[in-house]
Amino acid sequence: MFECKLICTDIDGTLLNREHQITERTKEALKRARRQGIIIALVSGRIGSSLRILQQEIGIQGPLGCFNGSLALDDDGNELEAHPIRLEQAFEVLDAVKHTDLESFVFTNESWYTKKRSAWYDIEVEASRTEGRVVPFGELASSFYPGERPFKVLCMHHDPSYVQAMQAKLQQNFGTSLNILNSSPKYIEILARGVDKGHAVRSLCNAYKIDAGSVMAVGDYYNDIGMFRASGYSVAMGNAPSDVKEHAIAVTKSNSEDGLALAIESIL
């Protein structure tokens with residue numbers, strides 16, 4: 001019998017349904033798990049401030065894995081592990097995509113930045129429920145607050161085939177120094193080399209004295225595979241690509257069928 005002490009759940013495509021909402025059944029499953037002493041960690045490509053809003057909506061507290069494992073925070077927001085990228089690396093990526101059709105954002109431990117307001121800016125605000133800062137990228141260094149560090153460059157396009165082609169180019173140019181991955185068919189995430197969601201899982205296990213065999217990880221996309229590998233019990237959502245499901249121990253229903261709630265209920 002699997003004894004769960006930590007649940008690590010992805011957000012988009014997992015916690016959130018197709019309407020980008022958390023169902024009441026999912027909220028209750030998470031709160032029930034928390035009442036039973038299980039730690040709930042939201043592990044996502046998102047910034048911490050966005051994840052805190054979701055915690056408040058659910059009615060739970062807990063640690064966070066931000067930026068696909070690049071930044072792990074405890075219940076109080078203290079850093080457990082941090083893998084920022086150098087600002088010079090962010091500038092190199094931004095320069096490489098400047099004359100392409102990709103839109104780009106820079107995410108830090110404090111905020112996120114865009115060089116102009118656009119439809120993508122509005123999409124990000126709606127999804128994350130956090131306003132970004134509009135700053136010319138050449139002025140980023142002077143715009144950062146004390147202690148602010150870049151953790152991620154996000155590049156976007158509505159055409160998945162264009163994203164795939166551009167990702168291949170970015171991988172060719174930066175793959176030896178940065179981690180280039182997809183968090184959805186329309187998004188390319190550029191992170192510190194070698195970092196994935198598994199780093200957040202291992203950091204949380206160390207901080208909370210939990211064996212990896214007692215961790216359940218639930219996710220739906222390629223950026224969740226690292227989290228699956230670091231956990232004792234991995235569950236892929238029914239809406240996950242078939243080759244992502246192959247990396248999981250179990251498969252639940254889709255995010256429009258309360259798949260996360262069903263996965264949690266099955267181990268309580």
Side-chain angles (χ1 to χ4, degrees), residues 4-15 39-52 54-55 62-87 89-90 93 106-110 112 147-154 167 170-171 174-184 187-236 240 244 247-249:
C4 185
K5 295 184 179 179
L6 169 64
I7 295 173
C8 294
T9 178
D10 171 54
I11 304 303
D12 299 284
T14 302
L15 175 71
I39 297 171
I40 308 296
L42 306 185
V43 182
S44 170
R46 295 189 181 209
I47 192 170
S49 55
S50 176
L51 298 179
R52 293 291 184 204
L54 294 174
Q55 285 181 322
L64 302 175
C66 314
F67 308 129
N68 284 297
S70 297
L71 178 63
L73 305 173
D74 68 11
D75 300 50
D76 299 317
N78 300 309
E79 290 188 6
L80 299 174
E81 185 172 351
H83 299 276
I85 61 175
R86 299 192 313 277
L87 187 56
Q89 291 177 303
V93 173
V106 176
F107 286 78
T108 73
N109 51 312
E110 297 289 346
W112 60 277
E148 190 169 5
R149 292 151 292 158
F151 278 83
K152 180 176 80 170
V153 176
L154 180 66
Q167 181 178 356
L170 288 169
Q171 182 66 40
F174 301 103
T176 59
S177 57
L178 294 166
N179 192 11
I180 317 292
L181 58 86
N182 282 114
S183 56
S184 89
Y187 289 85
I188 306 170
E189 309 220 0
I190 297 97
L191 314 167
R193 176 66 181 165
V195 176
D196 60 29
K197 289 187 178 183
H199 283 73
V201 175
R202 288 185 288 271
S203 181
L204 296 178
C205 285
N206 290 335
Y208 292 89
K209 311 301 181 186
I210 295 172
D211 186 89
S214 298
V215 180
M216 179 171 81
V218 190
D220 77 301
Y221 214 64
Y222 297 98
N223 58 323
D224 294 311
I225 293 173
M227 183 166 68
F228 289 171
R229 290 172 175 162
S231 305
Y233 184 52
S234 52
V235 182
V244 172
H247 290 273
I249 292 173

Report yes or no: does [X] contribute a side-chain atom to a donor-acceptor pair with the main-chain N or O of [Y] at less than 3.5 Å?
{"X": "N78", "Y": "D74", "value": "no"}
{"X": "N109", "Y": "G147", "value": "yes"}
{"X": "S234", "Y": "I249", "value": "yes"}
{"X": "S231", "Y": "M227", "value": "yes"}
{"X": "Q55", "Y": "G62", "value": "yes"}

request  = For side-chain contact (heavy atoms from CB on, under 4.5 Å), just list the numbers for N206 and E81, CA-CA rounded to whole Å, side-chain angles, deciding distance to a tenth of an Å, and then say yes or no.
outcome  = CA-CA 10 Å; N206 290 335; E81 185 172 351; 6.0 Å; no
Do [X] and [Y] make a side-chain contact, defined as non-hydrogen atoms from C-beta onward lying under 4.5 Å apart?
{"X": "I47", "Y": "F151", "answer": "no"}
{"X": "L6", "Y": "Y208", "answer": "no"}
{"X": "L178", "Y": "L191", "answer": "no"}
{"X": "L64", "Y": "R52", "answer": "yes"}
{"X": "Y221", "Y": "L181", "answer": "no"}
{"X": "L80", "Y": "L204", "answer": "yes"}
{"X": "K152", "Y": "S70", "answer": "no"}
{"X": "L51", "Y": "I11", "answer": "yes"}

task = Test side-chain contact (heavy atoms from CB on, under 4.5 Å) on L154 and E189 and set out the steps.
result = CA-CA 5 Å; L154 180 66; E189 309 220 0; 3.8 Å; yes
query = Taking the six-membered ring for Trp, are F107 and W112 parallel (under 30°), tilted (30 to 60°) or perpendicular (over 60°)?
reply = parallel
inquiry  = Quick one, N68 with V195, criterion side-chain contact (heavy atoms from CB on, under 4.5 Å). Give me CA distance, side-chain angles, the key distance, then yes/no.
reply    = CA-CA 8 Å; N68 284 297; V195 176; over 6 Å; no
key: Electrostatic pair K197:D10 at N-O distance under 4.0 angstrom   = yes
message = Between V215 and I210, is the side-chain contact (heavy atoms from CB on, under 4.5 Å) condition met? List the steps.
response = CA-CA 8 Å; V215 180; I210 295 172; 4.2 Å; yes
